Structure formats: C-alpha cells, structure tokens
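Each ligand, and each atom within it, is numbered from 1 in the order the structure gives. Keep in mind the model is a prediction, meaning the values are calculated, not measured.
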Amino acid sequence: MKVLKFGGTSIGTPAQIRTALDIIADSASKGRIAVVVSALSGVTDRLIEMANRAAAKDMTYLDLLDRLEARHIKYAQTLIGKENRETAINDLRSLIKELKNLLRGVSLLRHLTPKTLDRILSIGERLSVIIISHSLKSGHIAAEALDARRIIVTDETFGAARVKLDKTYSSIRACFRACSALQVVTGYIAASVNGNTTTLGRSGSDYTAALIGAALNATAIEIWTDVNGVLSADPRKVPEAFTLPYLTYEEAREMSQFGAKVIFPPALRPAIDRNIPILIRNTFQPDSRGTIINNHPQSKKSTVMGFSSLNGITLIRVKGNGMPDGVGIMGRLFHILAKEKINPLFISLAPGDHAVRFAVKTEETQKARAVVEKEFALEIQANMMETIKAENNLSIIAVVGRNMSRLPAISGRVFNALGRNGIKIVAATQGSSERNISIVVNQKDETKAVRSLHDAFFSRT
Ligand code: ADP
Ligand code: ASP
Ligand code: MG
C-alpha cells in the first residue's frame, strides 16, 4: 500500500489534473493505493479572502464565490465523462450553497471566528475530491471521495488543530478495512471529538497523507508537487538550486521548519514513527527520481546540504542588569515560553552579558512579550532587568547540513560569504544540533543572503 498526495500546485488546471490522473492510474495498476488531494491551486487563499470580505461587509465576496463555482464546474465539465458529470456537478453546487450560507452568516454578523473560518476552508478540499474521484471513475477506476473529517480526529485549536493519534489511526484503519474502492481523501481538514470541522494548518495535506500512510503501514508516502524534490534552496529565491536525492528525516525537518514549503514539518512525525520513506516527486516530470527522505544517512561526511529561510521574524531581547542568578532566569524564561506554547525559532545566549535573544514569528511578538513581562514584572520593577526589547523585519537563514560541528571552517565560510556581500548579521547561532547553523539578517537582505551562501558553497566556478 502506498499513499499519493497531490498538492494544489499539481492540480491548478484541467491539463495538470489529467497528468495527476495518469500518475494515479499507473500507480493503482501496480498495487493498492490511497490518494490525498489539496484544494485546487489558489483556492484556500481565495476562501480566506472571501471570508475576510464577508466579515467586512464587502459584498464583492459574492463575485469571488461566483468565480470559484464557475471554475470548479468548468473543470468538472472538462474532465468528467457524461455518466458521472451530472452527479458531480450537483455535488459541487450543493457545497457552493453551503459555502454561500456560511459566508452570508459571516457578513450578517460582521464577524469571522476561527471556527467558522475552518468550516469555510474545508470546502476547498471537499470540492477538489469530487472532481478527482469522478474523473478517475470516468477513466474506469473505482474511486470514492472520502471526507477526512470521518477519519482524522483533532482538538479544537481551529486553524492549527492537534491530531489525536490513537483515535485517528484506529478510525483510518476501520474505514479502509471497510472499503475496496480507491479512496480520494480530502487533505488538510479534520474534525474534533465534538464533530466540529478543523484544519491542520496551511500546507496540512502533507500531514493527512502521512497520517494515512502511518495508520495503514504504507510502503511509501509520495508527495507529488511542482518541483523535482527537496532542493538545495527555495528555487524562487535561488534559480540554481538543485535536487537533493536523499535526506534523513531530521535533515528534511531542518529544511522545512525554516521555510522549505515543499514538506509540512508535522508530516515527518508519523513517517518517522513507522519508518516509512517519504518521496517528493514532480507531477510534471514523473520520470525524475525526486528526493527520498528516510532514516539512512548517505554518508557521515561533514557537509552543507542546503539553505532555508523564513521572513517575518522578530527578535526579542531579555537582559539582566548584572543579576547573579542568570541560570535561574533562563530556566524561568524557557519554562514560561514552553508553557504558553511559544516555540522560539532561534535562541542566542550571551551569559557574560546576562542576555538572551530569541526569535518568534512577528505575529507572536505581542503574546511572547506579554508573557515575558508578566513573568519578570518584579525584576523589571526593581531595575534588576532591562525592559524587554523587540526588533522586527528580520529573517532567519538556516544552513542545513550534517556533522557540521566537526568542521568549524563551515561557520567561517558562512560569515565570510555574508560579509563579502555586505550583509549585516544581526545574530547567529550554531543550532542545538549538528545539522543547523542559524543566522538572523534584516528581511530586506534575505534573498541576497541565501543566494550568496548558495553561491559560496555550491558554485562550480
Ligand atoms: P503543493 O501545492 O504541492 O503542496 P507547495 O507550494 O506547498 O506545493 O510546495 C512546493 C513549493 O515549495 C515549490 O514550488 C517551491 O517553490 C517551494 N520550496 C521552497 N523551498 C524549497 C526547497 N528547498 N525545495 C523545494 N521546494 C521548495
Ligand atoms: N489547501 C491547503 C493550503 O493551501 C492545504 C494544502 O495545500 O496542503 O494550505
Ligand atoms: Mg504544500
């Protein structure tokens, strides 16, 4: 059994969908498979836009809705044979009606809750599975649409729900045991124990595929997308980036946590737990081998493998005024951040200076700052600690490699490359593992920094 997941980038036009259908048909002819699909390309963004317009009582959300409906119906007419077309179009129309009602409610109340937004977003994937499953049927493949709200169970953190693994695995198994047709599953969406619709976070369809793969003990989880695998850098920033044929789960995690969108970081966990390889493949170049992610490092040699970057970063500084108990302060700081579920993306300690700097996504700044200020209110009042400072408009660049601490020259080369290209280093740290060196730069320098590093390490001239 294999799981194949097709992202929005693989299903952006009817011609692209045909290519994806050929890949599915070929795989299905070789053994049992399950298919996971995202919403058609751009649809999740459009749904968010519609919901925001409705909440602002901007009635042009109705125009967007009409366009969304027309696009799906056109795709159905182009791809689905006569015998299934009417049923499919009726199903699409009834979902559009559900969406219209939800948006009308938002516009009447002038209010959009995360819970309602998740219900609205669920429509994207529910629409796309109708098109894909009926198109497969038209190609004589017994396929069925499966709404993942029946099999993936989460808490109620709307927008980024946490999966209840045991319940999820047992309902996936029960569901697949009971069916023989090829299941075309909605990525990204799930339901809480109370039956409310939730979503797994943007790009969450990869996670859906990994959960199904783990539950069914698949031989592989194939992520079909629009690039030839995990590349040495984001190809939109570094056109020379090349495919990495093999990565370990940990290396893939470092790349993806710091911005390589090609795989959603939580998707690695279920695969690691069951030791299932993840293959990243290009829908539009199915003959290229892509990237294989598993737990076998190809070599122990110290190497830099690639570069990732994340923008919209804020650096928060907590600094004592020569207080004696620096260690206690750090302990309290990290404890309170963990308790409030704030996950620093970067930490740099300057014990001599009694200072810590940590990075968060800019949208988390207010929360992080409030949490720290509350924890250290007495110290700040007693002037034992400086007021908390936050610096915005930053990016983190991650240099991802293996056994990097064995080769101190790597850091030197990194700093040299940035210095030579006039890029100011705001902060830097050798990550907690040997797989990561993180550098904070001004956001305006991000692309130049990644290019300079890629060039310094990989240029053949
Ligand atoms: P999908 O719709 O298939 O899920 P995504 O847009 O989520 O596709 O992910 C694929 C995109 O990830 C690529 O088009 C590429 O621009 C981007 N990307 C960023 N960094 C990397 C990287 N290091 N390797 C490959 N792709 C990357
Ligand atoms: N459709 C969702 C998104 O755009 C989930 C996914 O593509 O994986 O984020
Ligand atoms: Mg994706």
Below 4.0 Å, non-hydrogen atoms only: which portion of Met305 touches ligand 1? Side chain, backbone, both or neither. neither
Examine ligand 2 and decide if any of its atoms is less than 4.0 Å from a heavy atom belonging to Gly7. no
Give the atom numbers and elements of ligand 2 that come within less than 4.0 Å of a heavy atom of Arg202. 3 (C), 4 (O), 9 (O)
Min side-chain heavy-atom separation Glu251-Leu244 under 4.5 Å: no
Counting from 1 in the order shown, the ligand 2 atoms closer than 4.0 Å to a non-hydrogen atom of Ser38 are 6 (C), 7 (O), 8 (O)
Any N/O pair Lys261/ligand 1 closer than 3.5 Å: yes
Give the numbers and elements of all ligand 2 atoms closer than 4.0 Å to a heavy atom of Tyr188. 2 (C), 5 (C)
Under a heavy-atom criterion of less than 4.0 Å, does Ala233 contact ligand 1? yes
N or O pair under 3.5 Å between Thr44 and ligand 2: yes
Between Ala260 and ligand 1, is there a nitrogen or oxygen pair with a distance under 3.5 Å? no
I'd like to know whether NZ of Lys2 has more than 12 heavy-atom contacts from other residues, nucleotides or ligands below 6.0 angstrom. no
4.0 Å heavy-atom contact, Lys237 with ligand 1: no
Among all protein heavy atoms, pick out the one at the shortest distance from atom 27 (C) of ligand 1; state its residue, atom name and that distance to 0.1 Å. Pro235 CD, 3.7 Å
Got an N/O contact under 3.5 Å between Thr9 and ligand 1? yes
Closest approach of any protein heavy atom to atom 13 (C) of ligand 1, naming residue and atom: Asp226 OD1, 3.5 Å
Sub-3.5 Å N/O-N/O distance, Gly8 and ligand 1: yes
Atoms in ligand 2 with a heavy atom of Glu125 nearer than 4.0 Å: 1 (N), 2 (C), 5 (C)
Geometry only, no angles: is Ser205 polar-contacting ligand 2 at N/O separations under 3.5 Å? yes
Any nitrogen or oxygen of Asp206 lying under 3.5 Å from a nitrogen or oxygen in ligand 1? Just yes or no. no
Aromatic ring proximity Tyr75/His134, centre distance under 6.0 Å: no
Qualifying residue for side chain to side chain contact (heavy atoms under 4.5 Å, CB included) with Gln443, from Asn311, Thr362, Leu394, Asn392: Asn311
Below 3.5 Å, N or O to N or O, backbone or side chain included: is there any such pair between Ser203 and ligand 2? yes
Is Thr225 close to ligand 1, meaning an N/O of one under 3.5 Å from an N/O of the other? yes
Over 60° means perpendicular and under 30° means parallel, so classify the ring planes of Trp224 and Phe6, tilted if in between. parallel
Would a 4.5 Å heavy-atom cut-off, applied to side chains only, mark Ile89 and Gln77 as touching? yes
